Amino acid sequence: MPADLPSLNRLTADVATAMHAAERARPARWWRRLPPLAVALAALAVPSAVALHLTTGDSSGETDHAHDRVVHVPGVRPPKTAVAIARDVVHGHRATLAAFRCDGGKTVAVALLVTGGASVSRCGRALRATPDGADALQVSAFWSPGQTWIHGVAGREVASVDLRVVPQRGHHFLKAYWTRAQTRPLDPRAVLQGGLRPDLRLVLLYLPRRAVFSDAVARDARGRILYRCVLPGTPAVSRTAGSPTAATERRSCA
Amino acid sequence: MRLDADTLAQMFEAEGPRLLAFAARRTFDADLALDVVGEAFATAFERRARFRGATREEAVGWLYAITRTVLSHQHRRRTVERRALARLGVEPPVMGEDERRRVEELAGMADLRAAVARELAALPEAQRDAVRLRVVDELSYDDLAARLGITPDTARARVSRGLRALTRAITPLQEAIDAR
């Protein structure tokens with residue numbers, strides 16, 4: 001360093017010190033945060049992505065109380081009891097409905113897991129249902145980019161569910177139409193493994209576009225209407241498609 | 001070649017005096033040149049990830065390119081914005097009189113000033129007066145126009161032509177001194 005340029009020397013030394021300090025303090029790169037992020041997401045995704053909470057046991061005639069008893073699962077440790085109650089490949093998309101018991105066995109939580117276009121498993125929230133009374137059918141929608149998954153559970157007498165679907169283009173709703181989803185029983189092995197009620201039936205419908213549904217009609221095996229759910233208002237659609245928490249609308253059939 | 005803090009610190013130390021002289025030849029002001037160099041150092045550190053060269057010579061060339069960019073901003077705004085230095089938390093030191101003279105000596109300022117005086121004298125009288133009033137006396141174009149009895153647009157044109165002629169004459173000399 002030239003001795004006759006002390007200001008330049010000092011400037012150079014100050015910059016060097018600041019550069020080293022800045023390098024030491026640089027924020028971690030995004031991929032360094034990935035493992036803890038993945039753990040955090042996994043911890044959140046399984047319980048909080050679950051929107052289908054089934055109350056089990058003798059919950060007849062206690063719809064409101066049954067709702068109160070449903071525990072929304074943060075903190076639940078499902079792996080030992082989680083069982084796949086249905087697996088399907090729909091239009092090339094693998095979908096799994098998984099259930100596990102929580103709340104000391106009084107509650108069953110069900111999650112829809114689909115593989116998104118980016119090979120990321122997304123968890124859709126489902127819903128809960130008591131098997132009897134006005135709350136016998138509950139369905140919900142999960143939006144992935146360009147896809148809509150409608151899923152839920154119904155009582156044992158429900159053979160099919162008619163849904164009034166309202167397609168969307170951007171933020172505009174298009175002409176509605178009715179479509180039918182056949183219900184199906186739970187996988188009996190899962191019922192045994194998970195200690196689940198055997199008389200519930202699953203509803204799963206895939207739409208290859210973004211849509212919402214406004215009405216659901218439960219029919220028995222003969223096609224007779226058992227009950228109808230009219231969902232008030234136009235559902236607000238989140239712009240964050242695919243987000244398991246923001247893009248899911250719970251529909252109750254009360 | 002990866003430019004980390006160690007590599008850059010070594011490069012700044014080795015190239016600092018030449019870079020300071022380089023900047024002084026373009027600012028005609030040693031203090032301003034020191035600000036330019038400091039800002040160039042800090043900017044180089046901020047942009048180190050964008051450097052795609054493989055050799056030290058390329059890194060030095062890249063550093064000079066950054067210095068030219070800082071100089072061009074300085075010419076446009078008539079001051080050196082010390083944004084990158086401020087982000088790095090460095091305050092440029094104040095230069096002493098001896099050091100200022102040393103910088104002028106390193107930059108070959110005496111030769112440059114003589115060249116500027118020579119080229120200024122060689123300008124047509126109308127341009128010379130306009131340049132002197134604008135650059136030396138720092139008059140606004142309106143005042144300059146009023147002083148010379150011309151329109152502001154004409155004043156701008158005369159100053160612009162005069163400065164372009166001076167730049168054309170001085171640039172080869174600056175480059176010759178850079179190459180020494």
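Since the structure is predicted, the reported quantities are computational estimates derived from the model, not experimental observations. Letters A, B, ... mirror the listed sequences (proteins, then strands); counts begin at 1. FYI, side chains are in, hydrogens and waters are out, and symmetry mates aren't considered; it's all heavy atoms of this structure.
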May I have the list of side-chain donor-acceptor pairs in residues 92-99 of chain B shorter than 3.5 Å, sequence neighbours left out?
unit_1	atom_1	unit_2	atom_2	d
B:E97	OE1	B:R100	NH1	2.7
B:D98	OD1	B:R101	NH2	2.8
B:E99	OE1	A:S7	N	3.0
B:E99	OE1	A:S7	OG	2.6
B:E99	OE2	A:S7	N	2.8
B:E99	OE2	A:L8	N	3.2

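- Taking the side-chain hydrogen bond (donor to acceptor under 3.5 Å, both in side chains) definition, one finds that B:R87 meets it with B:E46, sequence neighbours left out.
- At a heavy-atom separation below 4.5 angstrom, chain A is approached by no residue within residues 110-131 of chain B.
- Contact annotation for B:L20: only side-chain heavy atoms (C-beta onward) come within less than 4.5 Å of a heavy atom of chain A.
- Using a 4.5 Å heavy-atom threshold, the side chains of A:V15 and B:L85 count as touching.
- Taking the side chain as every heavy atom from C-beta outward, B:V37 and A:T12 never approach each other to under 4.5 Å.
- A:R184 CZ: more than 12 foreign heavy atoms inside a 6.0 Å radius.
- With sequence neighbours left out, the ring-ring contact (aromatic ring centres under 6.0 Å, His included) criterion links B:F12 to B:F41.
- For the atom pair CG (B:D6) and NE2 (A:H20), the distance works out to 3.5 Å, reported to the nearest 0.5 Å.
- Separating the CG atom in B:L106 from the CG atom in A:L5 is a distance of 6.0 Å, to the nearest 0.5 Å.
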